[in-house]
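Data first, discussion second: the structure below is written as structure tokens.
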2 protein chains.
Amino acid sequence: MTQPKNRREQIYEVAGALFSERGYHATSMRDLASQLGMQGGSLYAHISGKEELLVELVNQAAQQFDASLLPLRAADLTPEEKLREAMRRHIEVVAGNLESATVFFHEWKHLSPEAYGKVTAWRDTIDALYRDLIREGIDKGVFKADLDIKMTAYLLLSAVNWTYTWYRPGGPLNAAQIADQFAVMLLEGLRR
Amino acid sequence: MTQPKNRREQIYEVAGALFSERGYHATSMRDLASQLGMQGGSLYAHISGKEELLVELVNQAAQQFDASLLPLRAADLTPEEKLREAMRRHIEVVAGNLESATVFFHEWKHLSPEAYGKVTAWRDTIDALYRDLIREGIDKGVFKADLDIKMTAYLLLSAVNWTYTWYRPGGPLNAAQIADQFAVMLLEGLRR
DNA sequence: CCTACCGATCGGTAGG
DNA sequence: CCTACCGATCGGTAGG
């Protein structure tokens, strides 16, 4: 027995699959409709337009990231634990929402100016979270004092964001295990 | 005096700018033509079609990566030097070909099956290069023996590939400096 | 949710 | 390289 799900959510779901696989502009409303077993024009009984789908998918992903990552600011953890936990949650959001996360990272440039601005603001917030986390570690004497905070944040964000390009469910490691491995390598280094 | 450049190269150049900024499907042949001061149909006196532009840009980028990275296999360097050198060259290709590199990473899924296959083969080659480099470092006792080679390669590739999303010319660090910082952090770790 | 349709725009071609 | 055009397809709407 599948959960009763309204048509609107089904549309978002299929849109996520198609946008993430083919891209926003390469997916037509008729492609979308046919996968839902309806005619192109019928979609507009449920949604206002194509852009709404993109906005919704991007917002979905952004909210997942926010809900998972932002509470970390107040968490009572050592800098190392906090770094590992941020990477865990970050990769878990990507892995658990692979389609909307892919749309988020890949298609956000096609948003209208308003929604586009919200995404850049989101990115700044997450950047700041990672930078603060690094700064805190330096201040507490746990991380190296000579780290370039901006570059260190880019390095961490590279690792967690890039996962959307290669992570696939069913692989040997789950999201938390991937994050833990990355965190160990980043904290301890590759050198023997 | 600008270099005499044939029209074909000019078209590729403008296509790189537009495809990297707006995306392949969101760029029309008329957009492209108007930026070159010509009519849409006139493009076809120089090129065979839109797909040719994408293929050419992607191949351009792939060849730059190959020419720069593949010779490293035979280089007589310590594992640490080789890792740093690979990251340097990798990021230098991205930074020095930002538009075609962006098209390469972002639009390759829209290639026809044949060109698509070549890109996945390329990716496997570069994956193998990084994995061999890591394996060599482990075998020589320079890198930690318990590294997960696949995950380590993903981590390195994340760092160098993700640069296309944030690197912009004129920033405080050039490509080699970015690579050096990344290499130091990755080799030594963030921990004090 | 369907049928039937709208104007706009797409990639590409013919003929010059 | 232009003018003029092709068929196809696009996102979206009207009326039921």
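Chain naming here is simple, since letters A, B, ... match the order of the sequence lines and numbering starts at 1 in each.
Residue pairs satisfying the salt bridge (charged side-chain N to carboxylate O under 4.0 Å, His left out) criterion with at least one member in residues 25-36 of chain A, sequence neighbours excluded, are listed as follows: A/Arg22-A/Asp31. Applying the salt bridge (charged side-chain N to carboxylate O under 4.0 Å, His left out) test to every pair with at least one member in residues 158-184 of chain B, sequence neighbours left out, gives these pairs: B/Arg88-B/Asp180.
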Solution key, residues 183-192 of chain B side-chain donor-acceptor pairs under 3.5 Å, sequence neighbours excluded:
{"from": "B/Arg191", "atom 1": "NE", "to": "A/Glu80", "atom 2": "OE2", "distance (Å)": "2.3"}
{"from": "B/Arg191", "atom 1": "NH2", "to": "A/Glu80", "atom 2": "OE2", "distance (Å)": "3.0"}
{"from": "B/Arg192", "atom 1": "NE", "to": "A/Gly141", "atom 2": "O", "distance (Å)": "3.3"}

Would you give me the side-chain donor-acceptor pairs under 3.5 Å for residues 146-157 of chain A, sequence neighbours excluded?
{"from": "A/Asp148", "atom 1": "OD1", "to": "A/Lys150", "atom 2": "N", "distance (Å)": "3.1"}
{"from": "A/Asp148", "atom 1": "OD1", "to": "A/Met151", "atom 2": "N", "distance (Å)": "3.2"}
{"from": "A/Asp148", "atom 1": "OD2", "to": "B/Gln181", "atom 2": "NE2", "distance (Å)": "3.4"}
{"from": "A/Thr152", "atom 1": "OG1", "to": "A/Asp148", "atom 2": "O", "distance (Å)": "2.7"}

Mark up nucleotides 1-16 of chain D, 5' to 3', with B wherever a protein heavy atom is under 4.0 angstrom from a base atom, S wherever such an atom reaches only the sugar-phosphate, and - elsewhere. BBB------BBBB---
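Heavy-atom neighbours of A/Lys118 NZ from other residues, nucleotides or ligands within 6.0 Å: at or below the threshold of 12.
Pairs of Watson-Crick or G-U wobble type, with distances under 3.5 Å, assemble into runs of 3 or more in DNA chain D at these ranges: C:1-16 with D:1-16.
Side-chain rings of B/His90 and B/Phe182 stay apart, their centers remaining 6.0 Å or farther from each other.
Residues A/Glu92 and A/Ser68 have side chains that never bring a donor and an acceptor to within less than 3.5 angstrom of each other.
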